[in-house]
Amino acid sequence: MTEASVREFKMPDVGEGLTEAEILKWYVQPGDTVTDGQVVCEVETAKAAVELPIPYDGVVRDLHFPEGTTVDVGTAIIAVDVGGGSAAPAAEQPAAGQPAAAAPAEEPKAAGSGRQPVLVGYGVATSSTRRRPRKGPEVPVQQASTAIRTELNGHAPAAPAAPPAAAPAAPAGTERPLAKPPVRKLAKDLGVDLTTVVPTGPDGIITREDVHAAVAAAVPATTEPQVAPAPAPVQAPASYDTTRETRIPVKGVRKATAAAMVGSAFTAPHVTEFVTVDVTRTMKLVEELKADKEFTGLRVNPLLLIAKALLVAIRRNPGVNASWDEAAQEIVVKHYVNLGIAAATPRGLIVPNIKDAHAKTLPQLAESLGELVATARDGKTSPAAMQGGTVTITNVGVFGVDTGTPILNPGESAILAVGAIKPQPWVHKGKVKPRQVTTLALSFDHRLVDGELGSKVLADVAAILEQPKRLITWA
């Protein structure tokens, strides 16, 4: 082992102004063998938690920071001995105590320098990207995975306490199974050989669902499914006599959310309007769609029809789908809808969005919602999935709450809060009957959405949910 053969992998920049990330977990230890594209650690930025694959083949020499450390972007976090002959000249290595020199050709570069500096693992960079040639067959990475339509009974078994062993290199002449780094890690944790998994994704990509299916096929029918432990919640002190306070560090997603909400509340003048609506017919339609063969394998719930109702209301009132350009003093009306869905996760509230939701059919919208929720629940939502939203839905009803006054996401002009749906006495056809009722709340930016426009949007959503046939007549 020589110093010249050691490559330093630096904390990459997501390319959107983030300056640091916290190392949540290391998946390798010094002495482990790693291959190009193998996930070596999970980090959390102010946007989301993502997994980082290493761009080298070699042996881990050193982990520069322990788990729980917040590291500046551009700082070397792991050293890999790539062996003789393939390393960069010694002159290119940073001297001890000196700042790191320009990255080698294989290392992630700054934005605009060729290779897009993204926190990789869950999406494709928007600009053209080049990788160094592989020694074996070319393996496409970061391809779009299929939507996760169904989950097995229970979750994946908990990962073993010992660090996972490095994935062995594919034997000469054997084609390497196609799978994204997170899927490879899942297979490794579950002890699944990817060469034995039948892929169902596009172009022969192995998905998370395929891995879970392989596990289920190997488990005897009499065996109860194992459930991975849920993230430990913040527990109340065991004794208020000995512990009177619990302090929780504000960082990562929680810190970014707090800053965004404060900025939104004191920048955009919020107005919130409310309407209570009978959604009995919508609930009946939900049950009918569950039995429809077009929705086989898809999750159908009231949120699906509420989302579709909001999209129709936006099409009828396009001015609500806009943003305020302070620098240009212009209102920017969007001719597309990136529909955000607020999701509570162990790391805090995040709002991933469905790109071009306005162009999706109802089954396609159901598929996208299912994938979005599953990804958020796993804590694997990518930063790209949380950018570019135009309008948001927050479902506070799942917590049994009737309604609320939601705060706008920065850069958006409206957010719809959906309350709990429950039976209430309601005047229906001249008689008081028990009906399924909910309360909707629409907050909007009063700089660009006046009371008339906001009221029309909310009234349209309520009208569709009361008479869902309007999804057809107003389409």
Side-chain angles (χ1 to χ4, degrees), residues 146-153 209 275-316 337 339-343 353-354 356-377 391-403 416-442 457-475:
T146 55
I148 302 176
R149 297 186 174 183
T150 56
E151 288 290 336
L152 298 173
N153 293 329
E209 186 178 14
V275 64
T276 302
V277 58
D278 175 5
V279 296
T280 304
R281 292 184 179 89
T282 289
M283 298 303 290
K284 291 181 179 178
L285 179 57
V286 168
E287 295 304 315
E288 293 173 1
L289 293 178
K290 288 180 179 179
D292 193 305
K293 65 179 182 180
E294 295 295 328
F295 292 87
T296 301
L298 300 178
R299 181 176 176 83
V300 179
N301 55 23
L303 180 60
L304 171 62
L305 296 183
I306 292 168
K308 191 63 176 179
L310 179 58
L311 292 171
V312 172
I314 291 173
R315 186 170 67 247
R316 288 165 54 86
V337 181
L339 180 62
I341 304 295
N353 61 77
I354 300 173
D356 294 324
H358 67 287
K360 295 183 180 293
T361 64
L362 197 59
Q364 289 172 343
L365 188 62
E367 185 176 27
S368 296
L369 277 170
E371 183 178 21
L372 179 148
V373 171
T375 303
R377 183 178 60 235
V391 67
T392 294
I393 295 177
T394 177
N395 186 9
V396 298
V398 296
F399 306 109
V401 175
D402 290 335
T403 189
L416 178 70
V418 182
I421 300 174
K422 53 189 177 181
Q424 295 185 27
W426 195 264
V427 178
H428 178 67
K429 296 182 179 180
K431 297 180 180 180
V432 177
K433 297 181 179 181
R435 303 287 287 180
Q436 295 294 320
V437 177
T438 190
T439 299
L440 307 175
L442 183 72
V457 172
L458 185 58
D460 278 358
V461 174
I464 294 171
L465 296 179
E466 185 175 11
Q467 294 283 355
K469 66 181 181 182
R470 292 189 171 104
L471 287 172
I472 300 174
T473 59
W474 288 0

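All values derive from a computational prediction rather than experimental measurement.
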Below 4.5 Å, heavy atoms only, C-beta onward: do [X] and [Y] meet side chain to side chain?
X      : Y      : answer
Val418 : Leu440 : yes
Val337 : Val391 : yes
Leu369 : Glu367 : no

About how many Å separate [atom2] of [Y] and [atom1] of [X], when rounded to the nearest 0.5 Å?
X      : Y      : atom1 : atom2 : value
Leu362 : Leu305 : CG    : CG    : 6.0 Å
Leu311 : Ile306 : CG    : CD1   : 12.0 Å
Leu416 : Leu442 : CG    : CG    : 6.0 Å

Holding to side-chain hydrogen bond (donor to acceptor under 3.5 Å, both in side chains), I want the full list of residues that pass it with Lys433, two or more places apart in sequence or in another chain.
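For Lys433, no residue satisfies side-chain hydrogen bond (donor to acceptor under 3.5 Å, both in side chains) once neighbours in sequence are set aside.
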Checking side-chain contact (heavy atoms from CB on, under 4.5 Å) for the pair Arg377/Val373: CA distance, chi angles, key distance, verdict?
CA-CA 6 Å; Arg377 183 178 60 235; Val373 171; 4.2 Å; yes
Ignoring hydrogens, what is the shortest heavy-atom contact between [X] and [Y]? Give both atom names and the distance.
X      : Y      : value
Thr438 : Ala420 : OG1-O, 3.3 Å
Arg299 : Asn301 : NE-ND2, 3.5 Å
Leu304 : Phe295 : CD2-CE2, 4.3 Å
Thr392 : Ala342 : CG2-N, 4.3 Å
Leu471 : Ile464 : CD2-CG2, 3.5 Å
Ile393 : Ala307 : CD1-CA, 3.6 Å

Just do the side-chain contact (heavy atoms from CB on, under 4.5 Å) check on Thr296 and Glu294 with the steps written out, would you?
CA-CA 6 Å; Thr296 301; Glu294 295 295 328; over 6 Å; no
When you measure from the side chain of Thr394 to the backbone of Ala417, do you find a donor-acceptor pair of N or O atoms at a distance under 3.5 Å?
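No, because the side chain of Thr394 does not come within donor-acceptor range (under 3.5 Å) of the backbone of Ala417.
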Does Arg315 use its side chain to pair, donor to acceptor, with the backbone of Trp474 at less than 3.5 Å?
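Yes, the answer is positive, given that a donor and an acceptor are paired below the 3.5 Å cut-off.
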Give me each pair satisfying salt bridge (charged side-chain N to carboxylate O under 4.0 Å, His left out) with a member in residues 422-432, each pair once, sequence neighbours excluded.
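Salt bridge (charged side-chain N to carboxylate O under 4.0 Å, His left out) check on residues 422-432 returns Asp402-Lys422.
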Let me see the working for Asn353 and Leu339 under side-chain contact (heavy atoms from CB on, under 4.5 Å), right down to the final yes or no.
CA-CA 5 Å; Asn353 61 77; Leu339 180 62; 5.7 Å; no
Do Leu372 and Ile354 pass the side-chain contact (heavy atoms from CB on, under 4.5 Å) test, and can you show the C-alpha distance, the side-chain angles, and the key distance before you say yes or no?
CA-CA 8 Å; Leu372 179 148; Ile354 300 173; 3.8 Å; yes
Please tabulate, for side-chain N and O atoms in residues 275-288, each donor-acceptor pair with protein atoms closer than 3.5 Å (sequence neighbours left out).
unit_1 : atom_1 : unit_2 : atom_2 : d
Thr276 : OG1    : Thr439 : OG1    : 3.2
Asp278 : OD1    : Thr280 : N      : 3.0
Asp278 : OD1    : Thr280 : OG1    : 2.6
Asp278 : OD2    : Arg435 : NE     : 2.8
Asp278 : OD2    : Arg435 : NH2    : 3.2
Thr280 : OG1    : Arg435 : NE     : 3.3
Thr280 : OG1    : Gln436 : N      : 2.9
Thr282 : OG1    : Leu465 : O      : 2.5
Glu287 : OE2    : Lys290 : NZ     : 3.4

